[in-house]
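Residue indices begin at 1 and follow the sequence shown.
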Amino acid sequence: MANHWGYGRGDRVARGKLGKRARSGILAFALLLAMSAGMIGADGRTASAAVNFSDIRGHWAEQTILWAAENGIVSGYPDGTFKPENPVSEAEFLVMLFRAFPQAEIPPLSPGDPWHKPYYTLAEQYNWPIFFKDGRLTFNRGRVAQVLAASQGRLLHIEEAIAFLMENGLASGKTGPTVTGYAANDPLKRAEALTLIRNLSTKGLTLKRAAGSADAIVGHPFRVGGVSIGDSEAGVIAKLGQPARKDASEYGFDWYIYNQDYSRYVQIGIRDGRVVGLYTNSADWQSGTGIGLGSPRSEVEAQYGEPLPHIEKNNARYAVPNGETAPKYLVDGAYVTLFLDVHEGGAVTAVQLIDQQTEHGLDGYYGTPGDALRVSFEYQLFDLANAVRARMGKKPFIWDGSAAETARAHSADMAQNGFFSHVNPRGESVGDRLKAGGINYREAAENIAAGHPNAIYAHEDWMNSDSGHRETILGDTTHLGVGVHFGGDYYVYYTQNFFTPAR
């Protein structure tokens with residue numbers, strides 16, 4: 001099978017007329033303490049702070065910035081600015097935090113060591129969770145919440161750490177006083193960092209050593225719906241309850257489908273009583289490094305570097321499907337695919353994890369065709385559409401069996417007769433086919449795709465389309481039927497038929 005990695009087309013019909021046809025395929029910053037400007041010496045101490053910054057007058061954190069400068073916590077840039085909205089790295093935040101609490105004894109900087117080494121050494125002595133010992137210039141609000149919670153003796157996961165800060169008046173959120181309103185995935189800004197540190201100081205708190213295992217916080221794997229690769233089936237049931245159904249997968253394991261609440265839709269892959277696969281396009285997940293729904297592509301690249309161009313399986317090399325919009329990484333013994341949304345600037349829109357051994361056990365990316373796999377792909381495409389609609393505040397589609405039969409017949413027609421189009425060789429459009437299937441519609445539309453290894457990739461491809469697929473999935477039709485067929489030049493064909501019944 002050639003690496004087509006999928007094609008898609010979308011058509012819309014209104015009042016029985018065929019609309020436009022389309023086709024598509026899937027597809028640092030300035031340092032907080034102006035270190036690059038020479039404002040920090042070899043001992044890591046700042047020069048005298050200039051407090052007349054030209055760019056903070058009227059800023060919401062003006063007084064906090066002046067407080068920090070007057071106390072030697074920060075200094076400005078050579079051009080007289082402070083740049084309060086610039087992002088902050090972990091190393092820079094540690095410098096600020098320790099300088100705000102002079103009782104912390106900063107170890108001396110050894111010759112040849114990077115400037116941030118003493119601060120990381122001290123953070124390790126305090127048993128705080130450290131994420132970027134190599135000095136990477138990446139940090140977000142969720143991670144700083146964990147560091148601040150640890151500075152008060154608590155080792156907590158991101159959501160727990162945010163709740164701890166809010167309960168103790170150390171943070172009030174960004175868009176609202178909730179864990180969600182805290183905006184954990186947003187980059188930490190200079191002014192925000194100082195505000196959090198001043199809150200600690202104002203309350204008269206001191207820096208503490210955290211009890212427990214910091215490594216357990218730093219190194220915990222991706223969690224989807226609170227579940228991680230390697231968890232037990234019993235643990236999944238205890239946490240999430242019984243699944244709505246169990247779907248076949250191309251890997252041979254069962255996907256446990258949790259669609260009872262589309263705003264928290266997850267798929268949990270179970271084999272031999274253990275979790276070997278995870279997927280969600282909801283917000284109900286987090287990574288060990290703070291990446292989550294909405295994280296920008298730049299943050300993904302900063303965290304994980306270059307994605308894998310291929311995977312070695314059974315002495316064969318397979319190109320990664322849709323690597324540009326679905327970069328894949330090997331993290332903690334699992335292949336992690338972070339699906340990106342090109343319509344949102346490349347922000348993360350979904351995540352899939354497959355256990356490394358499970359991935360290597362499948363030759364290529366396609367499983368063994370069969371009715372069970374076909375039905376799974378069909379229902380998953382229905383659920384995936386409804387899950388993303390829930391995220392966008394849309395009502396879910398209603399499943400329609402007749403539309404599914406019509407869609408399935410069109411997928412089979414394309415595979416068996418070697419074409420890829422909304423109009424079949426007999427000149428029949430989606431509107432004609434729906435009417436022939438006994439569906440009297442007021443509005444109708446169709447998405448088709450071929451070559452994608454599973455329903456997830458087909459759905460994410462449609463959502464990245466600039467040719468109407470996304471608009472169809474997020475549109476105002478009310479009913480949906482999905483049909484899949486294995487065979488033909490592209491191995492597998494997918495069709496979605498949408499419609500609103502005539503009044």
K.L.:
Using modelled atom types only, decide if a donor and an acceptor are shared between the side chain of E62 and the backbone of G58 within a distance under 3.5 Å.
P.N.:
yes
K.L.:
Does atom CZ of R389 have more than 12 heavy-atom neighbours from other groups under 6.0 Å away?
P.N.:
yes
K.L.:
Could you work out, with ring pair (Phe, Tyr, Trp, His ring centres under 6.0 Å) as the rule, every residue matching H343, not counting sequence neighbours?
P.N.:
none
K.L.:
Side chains of D231 and I229: closer than 4.5 Å at any heavy-atom pair?
P.N.:
no
K.L.:
Quick one: does any side-chain atom of Q152 pair with a main-chain N or O of T206 as donor and acceptor, under 3.5 Å?
P.N.:
yes
K.L.:
For Y262, enumerate each residue passing the ring pair (Phe, Tyr, Trp, His ring centres under 6.0 Å) test, keeping only those at least two apart in sequence or located in another chain.
P.N.:
none
K.L.:
Can you name the residues that form a side-chain hydrogen bond (donor to acceptor under 3.5 Å, both in side chains) with Q357, not counting sequence neighbours?
P.N.:
none
K.L.:
Can you tell me if R209 uses its side chain to pair, donor with acceptor, with the backbone of Q125 under 3.5 Å?
P.N.:
yes
K.L.:
Using only atom types and a distance under 3.5 Å, with no angle test, would you say the side chain of E192 pairs donor to acceptor with the backbone of K189?
P.N.:
yes
K.L.:
Looking at residues at least two apart in the chain, or sitting in another chain, which of them share a salt bridge (Lys or Arg N to Asp or Glu O under 4.0 Å) with E312?
P.N.:
R317
K.L.:
Please enumerate all residues that pass ring pair (Phe, Tyr, Trp, His ring centres under 6.0 Å) together with F339, with sequence neighbours excluded.
P.N.:
Y457
K.L.:
Checking W285 now: which residues fulfil ring pair (Phe, Tyr, Trp, His ring centres under 6.0 Å) with it, not counting sequence neighbours?
P.N.:
none
K.L.:
Sort and list the pairs that fulfil salt bridge (charged side-chain N to carboxylate O under 4.0 Å, His left out) and have at least one residue in residues 335-354, not counting sequence neighbours.
P.N.:
D341-R470
K.L.:
To the nearest 0.5 Å, what is the distance between CD on Q267 and OG1 on T280?
P.N.:
8.5 Å
K.L.:
Can you establish whether the number of heavy atoms outside E233 located under 6.0 Å from its atom CD is more than 12?
P.N.:
yes
K.L.:
Relative to each other, are the rings of Y119 and F98 parallel, tilted or perpendicular (30° and 60° limits)?
P.N.:
parallel
K.L.:
Taking only residues two or more places apart in sequence, or in another chain, which ones meet K174 in a side-chain hydrogen bond (donor to acceptor under 3.5 Å, both in side chains)?
P.N.:
D186
K.L.:
Could you pull out all residues at least two apart from R264 that satisfy salt bridge (Lys or Arg N to Asp or Glu O under 4.0 Å)?
P.N.:
D284
K.L.:
What side-chain hydrogen bond (donor to acceptor under 3.5 Å, both in side chains) pairs are there with at least one residue in residues 239-254, not counting sequence neighbours?
P.N.:
R245-D247, R245-D383, K246-Y256, D247-Q380, E250-N454, Y251-E359
K.L.:
Ignoring hydrogens and angles, tell me if any N or O in the side chain of S228 forms a donor-acceptor pair with the backbone of F222 under 3.5 Å.
P.N.:
yes
K.L.:
Does T358 use its side chain to pair, donor to acceptor, with the backbone of I354 at less than 3.5 Å?
P.N.:
no
K.L.:
List the residues meeting side-chain hydrogen bond (donor to acceptor under 3.5 Å, both in side chains) with D79, not counting sequence neighbours, and say none if there are none.
P.N.:
T81, K83
K.L.:
Applying salt bridge (Lys or Arg N to Asp or Glu O under 4.0 Å), can you list everything that pairs with R274, at least two apart in sequence or on another chain?
P.N.:
none
